[in-house]
J.: 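Here you go, one structure.
Within every chain, numbering begins at 1; the chains are lettered A, B, ... in the order of the sequence lines, protein sequences first and strands thereafter.
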There are 2 protein chains.
Amino acid sequence: MNVTGHTRRQPSIRDVATAAGVSHQTVSRVINNHPSVKSATRERVNRAIEELGFRRSATALALASGRNRSVTVLTANTTHHGYASVLQGVEEAARKAAYAVGISVLESADEQTVSAAVQRAGDSVGGLIVIAYDPAGVAALAAADPDVPVVGVVETPSQEPPHDRPWVWTDDRRAAYEATGHLLSLGHRSVHYVAIPSGTHRVSARTAGWQQALEDAGAAVPEVVHEGWGPQSGYAAGSRLARDPDVTAVLCGNDDLAIGVMRALHEAGRSVPGDVSVVGFDDAPHSAFVTPSLTTVRLDFSGLGRSAFDLLHGLLATSTPVQYHSAAVPELVVRESSAPPRHP
Amino acid sequence: MNVTGHTRRQPSIRDVATAAGVSHQTVSRVINNHPSVKSATRERVNRAIEELGFRRSATALALASGRNRSVTVLTANTTHHGYASVLQGVEEAARKAAYAVGISVLESADEQTVSAAVQRAGDSVGGLIVIAYDPAGVAALAAADPDVPVVGVVETPSQEPPHDRPWVWTDDRRAAYEATGHLLSLGHRSVHYVAIPSGTHRVSARTAGWQQALEDAGAAVPEVVHEGWGPQSGYAAGSRLARDPDVTAVLCGNDDLAIGVMRALHEAGRSVPGDVSVVGFDDAPHSAFVTPSLTTVRLDFSGLGRSAFDLLHGLLATSTPVQYHSAAVPELVVRESSAPPRHP
DNA sequence: GGCCGCATTGTGACCGGTAACAATCCTGGC
DNA sequence: GCCAGGATTGTTACCGGTCACAATGCGGCC
């Protein structure tokens with residue numbers, strides 16, 4: 001029972017040591033479960049710890065040992081479903097390993113911002129997890145101090161400089177390939193693609209998979225529609241696509257985009273999936289409940305976050321610079337928004 | 001230009017001091033912008049800092065000064081729109097103030113989990129922001145060590161023990177009152193309410209506002225439907241409500257719930273808003289684009305997060321235990337999902 | 001009984017900063 | 001030319017832990 005009443009300094013290991021009649025080092029040994037402490041002593045120390053309400057200062061621990069039980073996630077956005085889920089996965093895994101997790105958002109991709117963010121993050125942290133699905137993230141991955149352990153959550157694995165780090169990924173290329181194949185197999189002559197902003201200079205994995213599927217099927221490859229992340233971007237894209245009667249199937253870079261596209265088609269008087277089929281990406285929770293419910297590709301983002309952490313954890317613990325990579329398998333979820341074209 | 005090549009220890013202020021030919025304390029003065037440093041010296045030191053690529057260790061700073069430029073957000077979930085937006089707001093404000101932000105999620109509301117989380121968080125941090133919209137958050141707010149500065153993001157302000165902390169809030173009661181009033185003014189005889197899990201033992205602010213509006217209008221107060229957070233919960237609630245022909249208007253605790261409710265009504269053959277009007281809460285980005293688009297209450301969550309941080313920041317800087325409170329004004333956004341009842 | 005060796009425990013330095021106070025440098029006033 | 005006193009700068013301790021190594025205790029063996 002601690003009934004001190006008013007604010008006072010947290011007790012340190014020396015306070016505990018005095019209370020238990022041992023040296024501070026013995027206390028240190030006890031809190032670290034060092035084997036060579038007589039159990040009687042250990043018990044005495046533990047009692048003192050209990051009574052004083054001692055808690056080891058994470059700050060001092062970090063300073064003295066160099067080890068820093070914390071990771072921070074660098075990301076462009078915390079509100080989009082995919083990003084938020086990765087973050088959730090990281091946090092979950094980190095919590096289990098008794099790591100603290102920090103978060104730092106990249107407001108833009110310009111070098112100034114990115115390097116400032118990377119520096120601030122690297123300053124106080126054991127390791128970094130960079131969500132590099134977008135330009136800002138990719139820039140951050142490249143800008144990260146080579147001395148701090150970094151794991152990238154990337155779209156396209158690559159051995160080249162910006163990605164010369166351990167990474168985790170989902171096979172977006174294959175996912176896009178399958179989603180496109182699904183639409184083609186329903187009888188659509190071609191599939192349009194509304195892309196999310198890409199992180200790489202080359203075509204993104206999703207774009208590549210979509211294109212490959214069209215080519216393999218001998219279908220025409222329409223021009224990619226480049227848009228932003230949110231439903232309003234999808235709406236803008238959908239408004240344009242709605243004017244083209246040749247458009248019968250649209251694949252979207254994420255579910256919000258798809259919802260915007262569906263809305264625009266709806267307002268233009270084109271029914272989904274009657275006139276146009278729409279397929280999303282990510283399987284956000286609400287995607288199953290909108291009308292028409294959205295055919296989409298489910299990606300295990302929180303699993304991705306967990307493995308990103310595990311990978312980083314291993315890196316920090318063993319300091320072995322192995323490049324272990326992990327991939328999750330995407331899954332196509334067919335719902336109401338995709339169907340055979342009306343006039344095959 | 002630093003072309004060292006391989007990993008080496010970050011330079012400390014003593015390294016800088018040696019390089020600049022001054023004492024380490026002078027370096028400390030320079031990096032802290034202490035006025036009494038001759039400008040020639042200051043310049044010399046700055047040059048050394050530049051050359052060595054010195055960066056001040058946040059860890060050492062925290063340990064030595066006691067001040068800890070970091071806050072952590074305790075929350076039940078990072079993926080729901082409201083929570084994610086609050087987090088985003090906190091991060092933004094924190095970044096501007098050069099604070100680090102941590103995040104720790106409360107997996108359940110049981111005392112074990114909560115106190116562990118609170119302890120871990122309080123361990124290494126300057127201040128805490130607790131999102132206390134749900135039972136877990138409320139418990140955390142109550143369990144937080146009285147010594148660490150805490151700001152609550154709460155639903156219902158209260159002077160009572162669990163909330164005896166500075167807080168920020170949105171006027172959810174008024175928002176619910178207005179949303180309910182909107183439906184009544186359209187001609188609905190009563191309004192059903194699908195609630196999110198409440199944080200307080202008493203009725204939540206949203207519930208209270210809804211009830212008040214009904215009573216003020218002399219309308220019947222149906223039993224509250226208690227559900228979870230996600231669209232599938234809304235779907236479950238909607239399925240039940242669809243069987244009751246008296247139900248013509250439904251207010252939901254958040255937009256995902258509302259989307260689930262709309263879906264269930266749709267599947268039951270009841271049209272929205274023809275047969276039943278549905279109103280959500282929070283104005284998630286996609287809510288404007290689903291069909292029918294959702295009437296909802298817009299809440300400035302990121303603004304809420306920003307003021308939570310600002311409040312905490314003030315607390316940390318001045319250590320004045322003032323209870324400053326901030327409120328944001330909710331705004332009703334009328335869209336397609338609400339309309340006059342078919343048979344008035 | 002004396003000595004050796006392992007099990008325990010203690011000592012002092014150090015991590016990279018800040019805080020408080022002492023020391024030295026200048027400058028103006030007489 | 002000398003001295004007081006503010007402007008600069010240096011010295012030493014300390015934050016709360018860990019680390020490396022020294023010191024002590026104890027049991028077994030000859």
J.: Please tell me which of the listed nucleotides, D:dG16, C:dG17, D:dT18, lies nearest to the side chain of B:Leu61?
T.: C:dG17
J.: Taking the side chain as every heavy atom from C-beta outward, state whether B:Thr26 and B:Thr41 have any atom pair closer than 4.5 Å.
T.: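 Of all side-chain heavy-atom pairs linking B:Thr41 with B:Thr26, at least one is under 4.5 Å.
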J.: Shortest non-hydrogen contact from A:Ala117 to A:Leu74?
T.: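 Where A:Ala117 meets A:Leu74 most closely, the heavy atoms are CB-CD2, 4.3 Å.
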J.: In this structure, how many angstroms lie between the P atom of C:dA19 and the CG atom of B:Leu63, rounded?
T.: 12 Å
J.: Quick check on D:dG16: is either OP1 or OP2 less than 4.0 Å from any side-chain nitrogen or oxygen of A:Arg55?
T.: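 No, because none of the side-chain N or O atoms of A:Arg55 sits under 4.0 Å from OP1 or OP2 of D:dG16.
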J.: Under the salt bridge (Lys or Arg N to Asp or Glu O under 4.0 Å) test, which residues partner B:Lys38, sequence neighbours left out?
T.: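 Per chain and number, B:Lys38 pairs via salt bridge (Lys or Arg N to Asp or Glu O under 4.0 Å) with no residue.
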J.: Side-chain N or O of B:Ser28 versus OP1/OP2 of C:dT18: is the shortest distance under 4.0 Å?
T.: yes
J.: When you measure from the side chain of B:Asn32 to the backbone of B:His34, do you find a donor-acceptor pair of N or O atoms at a distance under 3.5 Å?
T.: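 Side chain of B:Asn32 to backbone of B:His34, a donor-acceptor pair under 3.5 Å: no, none is there.
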J.: Shortest non-hydrogen contact from A:Gly152 to A:Leu141?
T.: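 Residues A:Gly152 and A:Leu141, closest heavy atoms: CA-CD1, 4.1 Å.
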J.: Please tabulate the protein-to-nucleotide N/O contacts below 3.5 Å involving nucleotides 12-14 of chain C, giving atom names and distances.
T.:
none

J.: Grab the CG-C1' distance between A:Asn68 and D:dG16 for me, whole Å please.
T.: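 After rounding, the reported distance stands at 15 Å.
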J.: May I ask you to say whether B:Lys96 pairs ionically with B:Asp310, meaning some side-chain N is under 4.0 Å from a carboxylate O?
T.: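 Between B:Asp310 and B:Lys96 there is no salt bridge, as every charged N stays at least 4.0 Å from the carboxylate O atoms.
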J.: Tell me whether the rings of A:Tyr133 and A:Tyr83 are parallel (<30°), tilted (30 to 60°) or perpendicular (>60°).
T.: tilted
J.: For the CD atom on B:Glu50, are there more than 12 heavy atoms of other groups (residues, nucleotides or ligands in this structure) within a distance under 6.0 Å?
T.: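 12 or below, so no.
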J.: Just to verify, what does B:Arg47 make a salt bridge (Lys or Arg N to Asp or Glu O under 4.0 Å) with, not counting sequence neighbours?
T.: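 B:Arg47 satisfies salt bridge (Lys or Arg N to Asp or Glu O under 4.0 Å) with no other residue.
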J.: Would you list the protein and nucleotides 5-9 of chain C atom pairs, both N or O, that sit under 3.5 Å from each other?
T.:
residue : atom : partner : partner atom : Å
C:dT9   : OP1  : A:Thr41 : OG1          : 2.5
C:dT9   : OP2  : A:Lys38 : N            : 3.0

J.: Not counting sequence neighbours, which residues clear ring pair (Phe, Tyr, Trp, His ring centres under 6.0 Å) with B:Phe54? List them please.
T.: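 Scan of B:Phe54 (ring pair (Phe, Tyr, Trp, His ring centres under 6.0 Å), adjacent residues dropped) gives none.
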J.: Using C1' atoms of five pairs at each end, report the bend of the helix from C:dG1-D:dC30 to C:dC30-D:dG1 rounded to 10 degrees.
T.: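 One end's axis against the other's: 60°.
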J.: If I take atom CZ in residue B:Arg56 and atom C1' in nucleotide C:dG16, what distance separates them, rounded to the nearest angstrom?
T.: 11 Å
J.: Output the rounded distance in Å from CG (B:Asn32) to P (C:dA20).
T.: 13 Å
J.: Can you tell me if CD on B:Glu43 sees more than 12 non-hydrogen neighbours from other groups inside 6.0 Å?
T.: no
J.: Whole Å only: how far is the CD1 atom of A:Ile13 from the C1' atom of C:dC15?
T.: 14 Å
J.: Below the 4.0 Å mark, does C:dA19 have OP1 or OP2 next to a side-chain nitrogen or oxygen of B:Arg67?
T.: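 Looking at the OP1 and OP2 atoms of C:dA19, one of them is under 4.0 Å from a side-chain N or O of B:Arg67.
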